[in-house]
Amino acid sequence: MTRDWLATPRRQAAIDLALALAAATAASIGTALVAGHAVPGTPMPDWRAYALLVLGGAVLALRRRNPSLVLAVTATSAFLYDLLGYPGAFFTIAFVLALFSAMAARRRVQALAAATALFAALVAVDLVSPRGHLLDATGALWFVGWLVAALVAGEVARGRADYLAEVERRAIEAERTREEEALR
């Protein structure tokens, strides 16, 4: 029996829902604020832009049940958002959170492949697009930094969870051994 108050399925679902709403809201509001100061010629966010941002954030509610699906949906929504030429802001925040979740769920290969594929796809879009979010060295470094941070944090979270599970297993085993010793 776990002692972690966050570990109940109901609380985890509530946390995932809150995270999904916060990511979708932050991406939408952040993008709207950036769009207000956008470079001339950049399309202002419309219903399609916000639909992609909200989809990317909302799917995070499923991150514990199906991290692979969440990773794919968030990567696709971020790619389509960039492909349609909307202003750059927080449109990859849901993907970074999905990347963390995939790493924490032991989906290392999928997470690394998704991060590499999305980075390459965004660079490819930016090479043919005049606005270039990632062609700027600073923007590319920031994005790669966030990807690496999400990968490392996910791996650390997985390691911590494994460590705590092992400590709990050993404590249960020690208690069982003490009870057997007492019976002898």
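Here, residue 1 is the first one in the sequence, and each next residue gets the next number.
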task = Report the distance from atom OG1 of Thr92 to atom CG of Leu118, rounding to the nearest 0.5 Å.
result = 7.5 Å
key: Contacts of type side chain to side chain contact (heavy atoms under 4.5 Å, CB included), residue Arg106, not counting sequence neighbours   = Arg158, Asp162
Side chain to side chain contact (heavy atoms under 4.5 Å, CB included) against Arg169, all qualifying residues, sequence neighbours excluded = Glu166
query = Taking all atoms of both residues into account, what is the closest heavy-atom pair of Ala98 and Leu60, and its distance?
reply = N-CD2, 3.9 Å
request  = Compare every heavy atom of Leu99 with every heavy atom of Ala111, then report the nearest pair and how far apart it is.
outcome  = O-CD1, 3.2 Å
ask   = Are Val144 and Val125 connected, step by step, through hydrophobic side chains (Ile, Leu, Val, Met, Phe, Trp, Tyr) whose heavy atoms are closer than 4.5 Å?
value = yes
ask   = Under 4.5 Å between side-chain heavy atoms, hopping through other hydrophobics if needed: is there a path connecting Leu80 to Trp47?
value = no
request  = Report the distance from atom OG1 of Thr76 to atom CG of Leu55, rounding to the nearest 0.5 Å.
outcome  = 9.0 Å
request  = Keeping the roles fixed (side chain from Ser77, backbone from Thr74), state whether a donor-acceptor pair exists under 3.5 Å.
outcome  = yes
task = Only counting residues at least two apart or in another chain, list the ones meeting side chain to side chain contact (heavy atoms under 4.5 Å, CB included) with Ala49.
result = Pro45, Asp46, Tyr81, Tyr86
Side chain to side chain contact (heavy atoms under 4.5 Å, CB included) assessment of Arg64 paired with Ile15 = CA-CA 11 Å; Arg64 290 183 210 268; Ile15 289 168; 4.2 Å; yes
note = When rounded to the nearest 0.5 Å, the distance separating CG of Leu151 from CH2 of Trp146 is 13.0 Å
Phe119 reachable from Val148 in the ILVMFWY side-chain graph, under 4.5 Å edges = yes
request  = Write down the atom of Phe79, the atom of Leu122, and the distance for their closest heavy-atom approach.
outcome  = CA-CD2, 4.3 Å
message = Under the salt bridge (Lys or Arg N to Asp or Glu O under 4.0 Å) definition, can you give me all pairs with a residue in residues 90-99, not counting sequence neighbours?
response = none
ask   = Would you call Glu173-Arg170 a salt bridge at under 4.0 Å N-O?
value = no
message = I want to check something: taking the side chain as every heavy atom from C-beta on, are Asp82 and Asp126 in contact at a cut-off of under 4.5 Å?
response = yes
request  = Take Leu97 and Val70 through the test side chain to side chain contact (heavy atoms under 4.5 Å, CB included) and record every step on the way to the result.
outcome  = CA-CA 10 Å; Leu97 293 170; Val70 171; over 6 Å; no
message = Suppose we screen for side chain to side chain contact (heavy atoms under 4.5 Å, CB included). Which residues come up paired with Ser68, at least two apart in sequence or across chains?
response = Asn66, Arg107, Gln110
ask   = How far does CZ of Phe143 sit from CZ of Phe95, to the nearest 0.5 angstrom?
value = 6.0 Å
Hydrophobic cluster identity match, Leu62 and Phe100, side-chain contacts under 4.5 Å = no
ask   = What heavy-atom pair brings Leu71 and Ala102 nearest, and what distance separates the two atoms?
value = CD2-CB, 3.9 Å
message = Is there a continuous path of hydrophobic side-chain contacts, each under 4.5 Å between heavy atoms, that joins Val109 to Leu69?
response = no
query = Of the non-hydrogen atoms in Gly56 and Ala94, which two are nearest, and what is the gap between them?
reply = O-CB, 3.1 Å
query = Which residues pass the side chain to side chain donor-acceptor pair (under 3.5 Å) test with Arg108, sequence neighbours left out?
reply = Glu155
